[in-house]
Number of protein chains: 2
Amino acid sequence: MPVYTVSHVDNVRICVVMVGLPARGKSLMSQKIVRYLNWLSISSKSFNVGSYRRRQKQQPTAEFFDENNEEGLDTRNRALEMALKDMLTWFNEKNGTVGVLDASNTTRERRKKILELLRLNKIEPMFLESYCDNNEIIMNNILDVKTTSPDYQGVNPDFAIKDFLKRITKYEQVYEPLNMSTDSDLTFIKLINVNAQIIINKIQTYLESRIVYFIMNLHIKPRTIWLSRHGESSYNLEGKIGGDSDLSERGFKYAKNLPELVSRYIPNNENLEVWTSTLKRTQQTAQYLDYPKKTWKALDELDAGVCDGLTYEEIQKLYPEDFKMRDENKFEYRYRGGESYRDVIIRLEPIIMNLENQENILLITHQAVLRCLYAYFMNVPQEESPWMKIPLHTLIKLDPRAFDTLVTKIKADIPAVSTYKEKGTTKLGEGDDAKFNIAGDIVT
Amino acid sequence: MPVYTVSHVDNVRICVVMVGLPARGKSLMSQKIVRYLNWLSISSKSFNVGSYRRRQKQQPTAEFFDENNEEGLDTRNRALEMALKDMLTWFNEKNGTVGVLDASNTTRERRKKILELLRLNKIEPMFLESYCDNNEIIMNNILDVKTTSPDYQGVNPDFAIKDFLKRITKYEQVYEPLNMSTDSDLTFIKLINVNAQIIINKIQTYLESRIVYFIMNLHIKPRTIWLSRHGESSYNLEGKIGGDSDLSERGFKYAKNLPELVSRYIPNNENLEVWTSTLKRTQQTAQYLDYPKKTWKALDELDAGVCDGLTYEEIQKLYPEDFKMRDENKFEYRYRGGESYRDVIIRLEPIIMNLENQENILLITHQAVLRCLYAYFMNVPQEESPWMKIPLHTLIKLDPRAFDTLVTKIKADIPAVSTYKEKGTTKLGEGDDAKFNIAGDIVT
């Protein structure tokens, strides 16, 4: 029987239709929504109309986006149609739940056309407009776009900025923002200057309200998220899982070393908060850090139920069927009387929501929990995340950027056992040399 | 070390300042916010200015509320001052976190005065306006007020409605709604016709965003929440706690009886969804109900950690210290490797948020979980909720009304053991005769 995440809603298909001028953070928001929902096992996908247009026309100049440029209009309409067609196929053939139509959709006529198509296909339209008249935010976005958009790859930066500003004016000439009186029959969210002001119209389903809540908590202030496992514990030394044991001697060394590791990157006057689980090994690891601390039950290690306190050899011997089933589908497998990775993600969701709202946070927690948190920030698929290597005595620094997250791994010079179990064996890894091995990591 | 709920924010004190004409559901919203936050252990209290006014002037007619009635103005100003004074005392002496100032606060001048006082006292003001021009909603609210307000107790109903409508016009003459341009420097939420449209301005902290999210999920459609424990299980018969045992013979009888019990109250064509935990005994109890079903890990029984599967006698013998500590503070006590009632509430929070958004739901779950859910709906204080009697083989029907919840308890004619342990003993109760004993229950 399927276990429902708190966000799951049956038989509802939603299309988030983005609205807004270029450089208003639409693509960034689209990607964040998709990442968050997929992490919660709500099947989501973004369809970026710009990339469909690029299949026909690469690196156009601003003139291409003029409403009187017929070739431009034709190409852009075709791109929209291709994106919509792919989206409908995805909804129907891949059982999609939330599709995001990432385009400017600045005219009422355009939105009406999309609306009709969605209604015809029994997909709920939810418009999400990013309206922005704060020049600082716009210029920051333009600088991001200039460095990340394929439209300006290899182009002289000064020309790129000038051309992009011109492109924006082309859109401005036809822009009809969403409006409380004329659009009152639509389900929409209008963000004004990121989330300084938010207008929410006719939000009805729980899933829609969750998307709104998520967006409400996003901010664009630069910040760093730090992740660390607790120091090596005596259970780690014995190869046992779970429990609530103390740190080993080397684990205590790591705890003592942590303030110095952190201080290499955090100036003295910078705010930082340390979050631990309720288990002794994380609190002992945090003990020398001179920052405000919080303890969360939701950060406790995956509950191994009847297998708590056993070694992998013992589990294989006592519960051979379970041992096999877990290797076959580690994400879904729930320990008898315990949890699955999916269960952990559901209880971590409020932590993620809170994290999105915070600034610098250091989380000292456990292997499985860190895999789930890391998967969120790095967009790691469910099949892979339970198999990620997250070694002991290593501090991970995550710097979220516009379209990716910069990862820095700082290894303390203190040996520790490996707790990494390869699929199909009971053997643990080779010690603290285990490497992170997820495609897409940006490791500095 | 304290364990943080997902909503806790250190060192932030918030005053939710209600704004709106009479009969706009302000008091109802105030009470719901306070109930929700207190349930999450965020110390909250509502200060209703009307009840301070009634200490000086009971049952005034509409003329009393005219802006030119000096006696009325004086009395009302004094009432506001008394309410504010009590609120500040509460913030300072009782470590209050969220105070709600429940009054109409319809003029800009009045709001400015409140704002200045709050800023002076380092309390963050968050205005919450309920704006409503939908006559159906207003008339429904008026009928509620007529029957529940002490201002019209014992008064002829026709006169009460007429006078109340007149009172509203007195307020309308001076009403200055919150406005995106003139109030853009304030943190505010403006609800238009309940939550058909919501305007959110300058929401900054996580706690504020949670309050917004909660309000966003409220609806006013009538609905019923049903609660039931699973049928008697074989562990219940043996006096063991926790585990994942099957139903006893009598438990299966209850499961077979449930559809008939439910159908007495639910017409055939009415929507109902059945939610169970992941444990066998709840799913076996739900098996004969012909409604859509969902399984939630968050509805699993309080995790008794090392005590799982033991009887109370065994727990007292093996963990005498723990046994005593639990009786002394049952809400906070966390089983070794398991959970406390506080922990259960934190994991139930998404369920509550989802429930607020839904219509008719039947939850089949466990003793401790039901105590927490019941405490939410019935506003039962933390000290009492872990000691509530929620017997087996009894269906509870909760009908939320404007200012309270109507409780109906439907006992199936199938005996079951009692699982109720009195404080300070290991003995269980007298069987299924155990009564609910919470003051304030409205039992029909």
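A quick note: this is a predicted structure, and the numbers were derived from the prediction, not measured. The sequence lines fix the lettering, A, B, ..., with proteins before strands; numbering per chain opens at 1.
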**Study point:** chain B contact via Asp303(A) - side chain, backbone, both or neither, heavy atoms under 4.5 Å
**Key:** side chain

Revision key, fill the gap. In short, Asn217(B) meets Tyr206(A) closest at the heavy-atom pair OD1-CD1, 3.5 Å

Point to revise | Which atoms of Glu356(B) approach chain A - backbone, side chain, both or neither, heavy atom under 4.5 Å | key: neither

Point to revise | From Arg210(A) atom CZ to Met216(B) atom CE, the distance as rounded to the nearest 0.5 Å | key: 10.0 Å

Check your understanding: Is there side-chain contact between Thr278(A) and Arg334(B), with heavy atoms separated by less than 4.5 Å?
Key -> yes

Point to revise | Sole residue of Asn195(A), Leu191(A), Val212(A), Ile198(A) in side-chain contact (heavy atoms from CB on, under 4.5 Å) with Ile200(B) | key: Ile198(A)

Review point. Mind checking whether Ile199(A) and Met180(B) have side chains closer than 4.5 Å, heavy atoms only?
Key: yes

Exercise for review: Tell me, yes or no, whether the heavy-atom count around Asn134(A) atom CG, taken from other residues, nucleotides or ligands under 6.0 Å, exceeds 12.
Suggested key: yes

Point to revise | Contacting region of Asp308(B) [heavy-atom separation from chain A under 4.5 Å] | key: neither

Check your understanding: So with a 6.0 Å cut-off around CD of Glu124(B), is the heavy-atom count from everything else above 12?
Key -> no

Practice item. Step through the shown structure and confirm whether more than 12 heavy atoms of other residues, nucleotides or ligands are within 6.0 Å of CG on Asp290(B). Key: no

Review point. Which heavy atom of Lys297(B) sits nearest a heavy atom of Asp343(A), and at what distance?
Key: CD-OD2, 3.6 Å

Exercise for review: Could you tell me whether the side chain of Ile346(A) reaches within less than 4.5 Å of the side chain of Arg347(B), counting heavy atoms only?
Suggested key: no

